[in-house]
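Each chain gets a letter, A, B and so on, in the order the sequences are listed, and its residues count up from 1.
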Number of protein chains: 2
Amino acid sequence: MGTVGIREVAQRAGVSPGTVSNVLNRPERVAAATRARVEQAIRELGFVRNGSAATLRAGQSRAIGLVVLDVGNPFFVAVARGVEDVVSDRDHAVILCNSGESPEREARNLRVLAEQRVRGVLITPTDEDLSRLDLLRQRGVAVVLVDHPATGDVCSVSVDDVAGGDLAVAHLLARGAERLAYVTGPLAIRQCTDRRKGARRALRAAGLPARALEDVVVPEMNASGGALAAEKLLSGELPDAIFCANDLLALGVLRALSQAGVRVPDDVSLIGYDDIEFSSAAAVPLSSIRQPTYQLGKIATELLLDECDSPTGHAHQQIMFQPELVVRESSR
Amino acid sequence: MGTVGIREVAQRAGVSPGTVSNVLNRPERVAAATRARVEQAIRELGFVRNGSAATLRAGQSRAIGLVVLDVGNPFFVAVARGVEDVVSDRDHAVILCNSGESPEREARNLRVLAEQRVRGVLITPTDEDLSRLDLLRQRGVAVVLVDHPATGDVCSVSVDDVAGGDLAVAHLLARGAERLAYVTGPLAIRQCTDRRKGARRALRAAGLPARALEDVVVPEMNASGGALAAEKLLSGELPDAIFCANDLLALGVLRALSQAGVRVPDDVSLIGYDDIEFSSAAAVPLSSIRQPTYQLGKIATELLLDECDSPTGHAHQQIMFQPELVVRESSR
DNA sequence: CTGTTAGCGCTTTCAG
DNA sequence: CTGAAAGCGCTAACAG
């Protein structure tokens, strides 16, 4: 396998390696005729630029990292689309990493991204401990928090989860629920605790005690987790209404309840969170809290690239969107 | 930002750069005491190895590429999980790329992967034209086709789509359907044509002419595509049964039909393909054709890494799984 | 507008 | 078991 480098191309086109590099990176600085010769040589030789060499030279690559909690969750897929669209406009690449809600995997992912010398990282952290990010930031890698509000010297783009939890539970209460359950993933996940905080606020506003809302914690925020939660609920006295920390959980709850002969919303009301596409198509169309997912990814990426491009004259900002209640059959 | 390289670590630990490299890559060849000193220096300095430099030196990176048709499709997400699990066991990384069913984006993705000097590529091609892959293969990059049967000198792992199409339509016919529709994405996509081939085989076996199955082609294999197909179907006389080339399409069809007041399965039977998790939770639980998705990713990756590890003593093989019919409400 | 050149940080022989 | 040194392929600065 003859190594085809910039040297060989240069030789074939009768120019110097520097000129080939210019054709690749700043074509406008090369005379049209020379450029054409070089481009032909590139084609004939099947030359493909060595990205590692370029990255090594430049000190950083033309890529950013995106670390999400669950690639299997359509919520994050939608965010990723927003990221992808902005990034490819600017001729960068996205390295998509999945932490699977595990801090250890998150740390591994961050190390790989650091090794790859990405320009920046978009991340939905697995927990409150942001010290893992310092590894990156100290090295001059820009970081933007996605779906996680920041407090200080870092950009973030998020949605008001307290408001969302409030919205969801206020709605259930308005429909007459008195005993509620909150089905959630690990409480180390910020989204989970914030949504609960909002739920409790709604309870207080209605004059109900916090114990009117029972927590059902499961290890994974997916349909299996939901099924597990439903089992727990079925083993006791069913509540009037169930608020799930995301739609995947709600879908799992819905299925398990139906199989047990419990009717939604007649026997129990149900509301999810995220308003993923599948929710409206569920056996019982699911009420949910909608978030501007694509926007989340888009804005976060713009913030990140802005920080990369002018590390000095960049003011960190925390952007927070408001969620929206979507009422469907499951809580009607 | 003080650049912390292997040099600085070496200096601090009082050893040579070569020794630090050995600690990183072949720790067993370094005396325990020396190793401990080096590891401490690494920690104290917050050293992170420069992956580009290592890749440049090695000629290839410890990463493989995975190019899928649609990251938004749970089918590919499941495949990706299989890939991820094998790869991380072997201390490699996955670069996930989305072609979005577009040959142009596929070509772009492949170029990036070539530039990154990945060891190998797993790909579900957008069309029959595999020449785009030669760019890689000529450069010694191993390639395995995923969900796409190969014919010759390349590995592939796939599921028998002709059998799947046959299974689906034979089932619909057995339930008494006489006029059918096939809702599909672009026929350039192999899966789409193979499933149709199987469908027609079932028709023949039942003594029906090929025209008993009307094609409804939409540009994208997702829920919007399905809605579009439903519109077309509603503008004419509805068939007895609808076979969709994947579950996302079927879900879209289901929703659009329901909104138009058409009842499934009473007015029209419906079956999808892939048996994604959401299908069983749909408004009308969806019949579908199940494929061993996780296995697909797992086996493909094992084949790929095998080829990478012994490029010479590697025999290409084409593995084909059989799909399975799953009957639910939508065609009962 | 084009050529020359000096590394980017790491790994890997080859000596010691 | 450890050190010295060459070079992977590319780019950017400077000279012509």
Can you tell whether the side chains of [X] and [Y] come within less than 4.0 Å, N to carboxylate O?
X      : Y      : answer
B:D70  : B:R105 : no
A:E302 : A:K298 : yes
A:R119 : A:D309 : yes
A:D147 : A:R190 : no
A:R111 : A:E115 : yes
A:R132 : A:D127 : yes

*With distance as the sole criterion, is a donor-acceptor pair present between the side chains of B:Q318 and B:S156 under 3.5 Å?*
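The answer is no; no qualifying pair exists.
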
Donor-acceptor pair, distance only, cut-off 3.5 Å: does the side chain of B:S310 make one with the backbone of B:T312?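 No, the answer is negative, given that no donor and acceptor are paired below the 3.5 Å cut-off.
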
Between [options], which nucleotide gets closest to the side-chain atoms of [X]?
X     : options               : value
A:S16 : D:dT2, C:dT12, C:dG3  : C:dG3
B:T19 : C:dT11, D:dC10, D:dT2 : D:dT2
A:L56 : D:dT2, C:dT12, D:dG9  : D:dG9
A:R26 : D:dA12, C:dC1, C:dG9  : D:dA12
B:R57 : C:dG3, C:dC1, C:dT11  : C:dT11
A:A31 : D:dT2, C:dT2, C:dT11  : C:dT2

**Request:** Identify, between B:R35 and A:R7, the residue whose nearest nucleotide on DNA chain D lies closer to the 5' end.
**Result:**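 The answer here is B:R35.
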
Return the 5'-most residue of the pair B:A58, A:N22 with respect to DNA chain D, ranking by each residue's nearest nucleotide.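 Looking at DNA chain D, the more 5' nearest nucleotide goes with B:A58.
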
Between [atom2] of [N] and [atom1] of [X], the distance in whole Å:
X      : N      : atom1 : atom2 : result
B:I6   : C:dC8  : CD1   : C1'   : 14 Å
B:E115 : D:dC8  : CD    : P     : 20 Å
A:R117 : C:dG9  : CZ    : C1'   : 9 Å
A:N25  : D:dG9  : CG    : P     : 17 Å
B:E8   : C:dC8  : CD    : C1'   : 13 Å
A:L24  : D:dA12 : CG    : C1'   : 14 Å
A:Q11  : C:dG3  : CD    : P     : 13 Å

Just to verify, which of A:V67, A:N73, A:V68 counts as forming a side chain to side chain contact (heavy atoms under 4.5 Å, CB included) with A:N98?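 Result: among A:V67, A:N73, A:V68, A:V68 is the only option passing the side chain to side chain contact (heavy atoms under 4.5 Å, CB included) with A:N98.
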
Are any protein N/O atoms closer than 3.5 Å to N/O atoms in nucleotides 14-16 of chain C? If there are, list each pair with its distance.
none

Expected output is a numbered-order residue list: members of residues 41-55 of chain A with a heavy atom under 4.0 Å from any atom of DNA chain D. What is it?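 The stretch gives A:F47, A:R49, A:N50, A:A53, A:A54 as the residues lying under 4.0 Å from the strand, ordered by number.
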
Just to be sure I understand the rule, does B:V30 reach a base, reach only the sugar-phosphate, or reach nothing, if contact means heavy atoms closer than 4.0 Å?
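Sugar-phosphate: the residue B:V30, judged by heavy atoms under 4.0 Å, touches backbone atoms but no base.
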
| request: Identify whether any heavy atom of B:G18 sits under 4.0 Å from a base atom; if not, whether one sits that close to sugar-phosphate; answer base, sugar-phosphate or nothing. | output: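 Here B:G18 touches the bases of the nucleic acid.
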
When you measure from the side-chain N and O atoms of B:S21 to the phosphate of C:dT12, is any distance below 4.0 Å, counting only OP1 and OP2?
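Result: no.
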
Distance (rounded to the nearest 0.5 Å) between A:I64 CD1 and A:R90 CZ: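 With rounding to 0.5 Å, CD1 (A:I64) is 10.0 Å from CZ (A:R90).
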
